[in-house]
Each structure stands twice: as C-alpha cells, then as structure tokens.
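Data block below; observations after.
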Amino acid sequence: MKNENYHRASHCKYLVQYHIIWCPKFRYPVLKDGVDETLKKILSEVCDAYGYIIKALEVMPDHIHIFVDCPVTVAPCDVVRTLKSRSAIQLLKAYPELKRFYARCGKLWSNGYFISSVGHISEAAIKKYIEEQKNDTTRIESLSWMLR
C-alpha cells in the first residue's frame, strides 16, 4: 500500500478500516424494491457527516456489507452504533410500511453485527468479496455462522 493512503493526525499516522455486516431484525428480506438504494444514500450521508470513508457498500435483501475507513479516535463499536442507529431512524421515516412491519418488536436492525479490522494486504479481497455478493447464491450459508 502506498504511503498516501495513510491518514495523519497531530502525533500519528494511521489506517483504520473495518468490514461490517449487520441484518434487519429476524433477517427478513426487507431491503429491496428501492429500500436498498435509499439505504445506500443514507449510509453515505451518515459516513460523510462522521468522517468515515466508504470503500465498498452492498445492500442485500437480508443484510448489509460495508467497508469503511474511519478516524483513529473512533471505537469500532461506535462506528457500528452510529451507522445502525442513524440509518434506522432515517429509513423508518422514509418507509412507514417498514415501521408498521417492525412495530411489534420496535426496531429495524438486529442486535448483533460482524466487524473485522482490515489490513492493507486484504483490502482488495474485501472489496472484491463485497462487490460479488449480488451474484453469490451461497452467501447465506457462508454468513449464517457469523451472524448468530
């Protein structure tokens, strides 16, 4: 990886990247028919507001993959909490039918998530993996162990 890909703060040089996956509650396939595109836009806006850089993003009907570059001062759990909470608020506002669908449990996203720090060597592999998700029919079986 070239030196220009690293970030600088007052007393450090860093590269902090995470591959994050999370699902709608009960893993229902509700992220389709325009909801996926709206969610991508919402996540882009949230990331811009918080200084996260989206390297790759794919919204599947029953889960989300995002690969983000984050400031060194933000804890991984805070990155996930921000993405999930802000996106849920805006998505439920934009799609009242989702709010009605999830009214009984009161939330859009499941409690769990998967997060992995990504080094510069596997960055290309993560991007390729996320981009290939739309075409992969075995993805559900391969991810189910991570999201339990």
Side-chain angles (χ1 to χ4, degrees), residues 1 5-7 9 14-148:
M1 176 173 275
N5 291 332
Y6 289 92
H7 305 287
Y14 66 92
L15 181 63
V16 178
Q17 299 176 326
Y18 301 112
H19 176 207
I20 306 167
I21 306 170
W22 74 90
C23 304
K25 192 76 174 166
F26 310 118
R27 197 153 183 172
Y28 289 136
V30 296
L31 305 174
K32 56 186 178 183
D33 302 328
V35 177
D36 52 347
E37 294 304 317
T38 303
L39 181 57
K40 285 181 181 181
K41 183 178 177 233
I42 289 168
L43 289 171
S44 294
E45 291 169 358
V46 170
C47 287
D48 287 344
Y50 284 85
Y52 309 153
I53 300 166
I54 297 176
K55 301 283 208 152
L57 170 64
E58 195 60 66
V59 177
M60 307 302 290
D62 62 348
H63 67 280
I64 297 102
H65 284 271
I66 188 167
F67 177 34
V68 290
D69 186 326
C70 302
V72 71
T73 56
V74 183
C77 60
D78 291 339
V79 173
V80 175
R81 182 176 33 245
T82 300
L83 293 174
K84 287 175 73 174
S85 65
R86 298 290 180 168
S87 64
I89 291 166
Q90 292 181 34
L91 202 59
L92 292 175
K93 215 180 275 186
Y95 291 92
E97 62 273 14
L98 273 179
K99 191 170 187 171
R100 283 191 299 277
F101 184 77
Y102 283 108
R104 188 168 231 167
C105 63
K107 57 185 174 178
L108 174 61
W109 305 126
S110 64
N111 291 335
Y113 59 90
F114 168 83
I115 188 166
S116 174
S117 60
V118 178
H120 68 279
I121 293 170
S122 61
E123 178 180 346
I126 295 293
K127 283 183 178 180
K128 185 178 179 198
Y129 173 76
I130 290 173
E131 289 166 4
E132 291 175 350
Q133 286 300 294
K134 284 281 185 194
N135 303 325
D136 188 6
T137 57
T138 61
R139 66 177 167 67
I140 293 174
E141 294 81 24
S142 66
L143 284 175
S144 62
W145 68 270
M146 288 189 281
L147 299 168
R148 288 183 192 176

Problem - Minimum heavy-atom distance between Trp109 and Lys84, given as atom pair plus value - result: NE1-O, 2.9 Å
Exercise for the section: Of all the heavy-atom pairs spanning Val35 and Leu98, show the shortest one and how long it is. Expected result: CG1-CD1, 4.1 Å
Handout entry: CA sep, side-chain torsions, deciding dist, call: Lys99, Lys93, side-chain contact (heavy atoms from CB on, under 4.5 Å)
Key = CA-CA 8 Å; Lys99 191 170 187 171; Lys93 215 180 275 186; over 6 Å; no
Problem - Non-neighbouring partners of Leu43 that pass side-chain contact (heavy atoms from CB on, under 4.5 Å), sequence neighbours left out - result: Trp22, Leu39, Leu57, Ile64, Leu83, Ser87
Fill in the blank from the handout: Residues Asp62 and Pro24: closest non-hydrogen pair is O-CD, 3.2 Å
Exercise for the section: Go through the steps to decide whether Asp69 and His7 satisfy the test side-chain contact (heavy atoms from CB on, under 4.5 Å), and finish with yes or no. Expected result: CA-CA 10 Å; Asp69 186 326; His7 305 287; 2.9 Å; yes
Handout entry: Inter-residue atom distance Phe67.CZ - Ile21.CD1, 0.5 Å rounding
Key = 12.5 Å
Practice task
Could you pull out all residues at least two apart from Pro71 that satisfy side-chain contact (heavy atoms from CB on, under 4.5 Å)?
Solution key: Tyr14, Tyr52, Thr73, Val74
Handout entry: Shortest non-hydrogen contact from Leu31 toward Met60
Key = CB-O, 3.4 Å
Handout entry: Taking every non-hydrogen atom, the tightest pair across Ala88 and Leu108
Key = CA-CD2, 4.0 Å
Completion exercise
Rounded to the nearest 0.5 angstrom, the CD1-NE2 distance for Ile130 and His65 is 6.5 Å
Problem - Derivation and outcome, side-chain contact (heavy atoms from CB on, under 4.5 Å), residues Cys77 and Tyr113 - result: CA-CA 10 Å; Cys77 60; Tyr113 59 90; 3.8 Å; yes
Problem - Check: Tyr28 and Tyr102 side chains under 4.5 Å, non-hydrogen atoms - result: yes
Practice task
Looking only at non-hydrogen atoms, find the nearest pair between Arg86 and Ile42 and report the distance.
Solution key: O-CG2, 4.5 Å
Exercise for the section: With the side chain counted from C-beta on, respond yes when Lys55 and Val118 share a heavy-atom pair under 4.5 Å apart, and no when they do not. Expected result: no
Completion exercise
The reported gap from NE2 in His63 to CD in Glu58 (rounded to nearest 0.5 angstrom) is 9.0 Å
Practice task
Measure the spacing between OG of Ser117 and CD1 of Ile20 and express it to the nearest 0.5 Å.
Solution key: 11.0 Å
Handout entry: Short N-O contact, Lys41 and Glu37, less than 4.0 angstrom
Key = no
Handout entry: Heavy-atom check, side chain of Ile126 versus side chain of Gln17, under 4.5 Å
Key = no
Practice task
Say whether, by atom type as modelled, one donor and one acceptor occur between the side chain of Tyr95 and the main chain of Gly34 under 3.5 angstrom.
Solution key: yes
